[in-house]
Amino acid sequence: MIPLTFDYKKISTVNEAIAALSGDKGKLLAGGHSLIPAMKLRLSQPSKLIDITGIEALKGIKEEDGEIVIGAVTTHAAIAKDKLIKNKLPFFAEAASLIGDLQVRNYGTIGGSLAHSDPAADWPALVLASDASIEVQGNKGKRRIKAPEFFVGLFETSLQPEEIIIAIRIPVPPPGTKTSYQKFFQPASRFAIVGCAVMRFADGKTNIAFTGVSDNAFRDYNAEKIISGKAINDASITAATNASLENKNIMSDHYASAEYRKHLAKIYLKKALQAVS
Ligand SMILES: Cc1cc2nc3c(=O)[nH]c(=O)nc-3n(C[C@H](O)[C@H](O)[C@H](O)COP(=O)(O)OP(=O)(O)OC[C@H]3O[C@@H](n4cnc5c(N)ncnc54)[C@H](O)[C@@H]3O)c2cc1C
């Protein structure tokens, strides 16, 4: 299928993007690897595409005021090979290298992935587990949305229609922090059937987030409470996996039934906890 007719405008500043978004049914275009397929299926029918890939200010990765700041238009490939990321947030590099194929990684952006909030996307689990904030800008200026408040439903976020994600801000992990991202992926697309991200601090505090499991990615606070502050061993892992996914509505689709997906999620939590022990 081909998309309906649309206008196209390439812009070079955030203010131009915000101005272009107000009024008619315009949509931001970043890597286009989620939006264009949706337009071809006519699930999305924007009258205008506002190409933000020319906004240089939204590209790149830096450390600033105790945070690692990833520009929204930074590609998965750039994150996978970045030295700061490999050094301080190794699970971001691992996850980036596991996304789709080379073409998807070269075009797709972290901001586009978060805005799209696909239930099987990888980045949501990573930003949740790392206590990240999503920095957005709109007509009323800038604001930061903490990751757990950003993902609100299936392909649904708390981003307002005239807002643009400008950056992802992650507190620099203190020395001794360990991270792991484990995913069981669909072999053709590499989207997560189940993905589990864990960040474990030197004092034992442990953040756990899942993607692929429910309508949107989420932190598993029950499992976190069980394992935080304790040594990671067979007994504590079993206790944490038993406590995980409580009261969660587990997705069922042609890749995995709810029962199988729940089983997989617990196994991938176990793998992630073993990796940070
Ligand atoms: C074959 C294939 C395999 C894939 N495999 C995986 C995988 O294994 N794991 C995974 O996580 N993803 C996967 N993806 C999705 C891929 O990562 C996309 O690139 C990503 O989901 C969207 O990023 P994008 O830059 O392409 O966004 P686009 O497609 O350009 O945009 C997506 C949505 O976000 C909005 N948007 C874009 N940028 C911003 C911004 N800065 N602020 C606000 N809104 C914005 C757009 O308006 C649109 O609604 C795959 C895609 C394909 C085609």
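Whatever order the structure lists ligands and atoms in, that order sets their numbers, starting from 1. These numbers were taken from a predicted model, which means no experiment stands behind them.
Tyr268 and Leu128 are not part of a single hydrophobic cluster, where members link through side-chain heavy atoms under 4.5 Å apart. A single hydrophobic cluster is not seen to contain both Tyr107 and Leu114; linkage of ILVMFWY side chains at heavy-atom distances under 4.5 Å, directly or through other members, places them apart.
Of the protein's heavy atoms, Leu28 O, 3.0 Å lies nearest to atom 46 (C) of ligand 1. Distance from atom 37 (C) of ligand 1 to its nearest protein heavy atom, with residue and atom name: Gly112 CA, 3.4 Å. Of all protein heavy atoms, the one lying nearest to atom 11 (O) of ligand 1 is Asp122 N, 2.9 Å. From the protein, the heavy atom lying nearest to atom 29 (O) of ligand 1 is Leu35 N, 2.7 Å. When only non-hydrogen protein atoms are considered, atom 8 (O) of ligand 1 lies nearest to Arg190 O, 2.6 Å. Given atom 53 (C) of ligand 1, the protein heavy atom at minimum distance is His33 O, 3.3 Å. Looking only at heavy atoms of the protein, atom 5 (N) of ligand 1 is closest to Ser189 O, 3.0 Å. The shortest contact between atom 14 (N) of ligand 1 and any protein heavy atom is with Phe191 CZ, 3.1 Å.
Annotation: the span from Lys183 atom NZ to Phe191 atom CZ amounts to 8.5 Å, rounded to 0.5 Å. Rounding to the nearest 0.5 angstrom, the gap separating the CD1 atom in Ile70 from the CG atom in Leu89 is 6.5 Å.
A salt bridge between Glu163 and Arg143 is present, with a side-chain N of the basic residue lying under 4.0 Å from a carboxylate O of the acidic one. Checked for salt-bridge contact, Glu64 and Arg169 meet the test: a charged N lies under 4.0 Å from a carboxylate O.
Among all heavy-atom pairs drawn from Ala17 and Ile52, the shortest one is CB-CG2, 4.3 Å. For the residue pair Asn139 and Glu162, the shortest heavy atom distance occurs at ND2-OE1, 2.5 Å.
For ligand 1, the atoms lying closer than 4.0 Å to a non-hydrogen atom of Gly32 are 24 (P), 26 (O), 27 (O), 28 (P), 29 (O), 30 (O). Listed by number with element, the atoms of ligand 1 under 4.0 Å from a non-hydrogen atom of Ala115 are 34 (O), 35 (C), 36 (N), 43 (C), 44 (N), 45 (C). Here is the list of ligand 1 atoms found below 4.0 Å of a heavy atom in Thr109: 23 (O), 24 (P), 25 (O). When each atom of ligand 1 is checked for a heavy atom of Gly100 under 4.0 Å away, the hits are 3 (C), 4 (C), 5 (N), 6 (C), 7 (C), 8 (O). Listed by number with element, the atoms of ligand 1 under 4.0 angstrom from any heavy atom of Ile99 are 6 (C), 7 (C), 8 (O), 9 (N), 10 (C), 12 (N), 13 (C), 17 (O). Remark: ligand 1 atoms within the under-4.0 Å shell around heavy atoms of Gly31 are 24 (P), 25 (O), 26 (O), 27 (O), 30 (O). Close approach to Gly108 involves these atoms of ligand 1, each under 4.0 Å from a residue heavy atom: 19 (O), 25 (O), 26 (O). Heavy-atom proximity to Lys27, at under 4.0 Å, picks out these atoms of ligand 1: 49 (O).
Remark: side-chain polar atoms of Arg261 are paired, donor with acceptor, to backbone N or O of Ala256 under 3.5 angstrom. Ser22 contributes a side-chain N or O that, together with a main-chain N or O of Ala19, makes up a donor-acceptor pair within less than 3.5 Å. Counting only distance, with no hydrogens or angles, the side chain of Ser158 and the backbone of Glu149 share a donor-acceptor pair below 3.5 Å. A distance-only check finds no donor-acceptor pair linking the side chain of Ser130 to the backbone of Ile170 [under 3.5 Å].
At a 4.0 Å cut-off, at least one heavy atom of His76 sits close enough to ligand 1 to count as contact. Heavy atoms of Asp118 come nearer than 4.0 angstrom to ligand 1 in no pair at all. Between Pro37 and ligand 1 there is no heavy-atom distance shorter than 4.0 Å. By the 4.0 Å heavy-atom criterion, Leu159 is counted among the residues contacting ligand 1. The shell of residues lying under 4.0 angstrom from ligand 1, judged by heavy atoms, includes Lys183.
Just one residue in the list Lys262, Glu224, Lys266 forms a side-chain contact (heavy atoms from CB on, under 4.5 Å) with Ser244, and that residue is Lys266.
Screening residues 69-83 for side chain to side chain donor-acceptor pair (under 3.5 Å) gives His76-Trp123 as the qualifying pairs, with residues at least two apart or on separate chains.
Between Thr206 and Ser228, the closest side-chain pair of non-hydrogen atoms falls below 4.5 Å.
Only the side chain of Val104 comes within 4.0 Å of ligand 1, counting heavy atoms alone; its backbone N, CA, C and O stay farther away. For Ile52, every heavy-atom contact with ligand 1 shorter than 4.0 Å involves the side chain, none the backbone.
In terms of polar-atom proximity, defined here as any N/O pair under 3.5 Å, Ala72 makes no such contact with ligand 1.
Comparing Gly195, Ala96, Ser34 by heavy-atom distance to atom 18 (C) of ligand 1, the nearest is Ser34.
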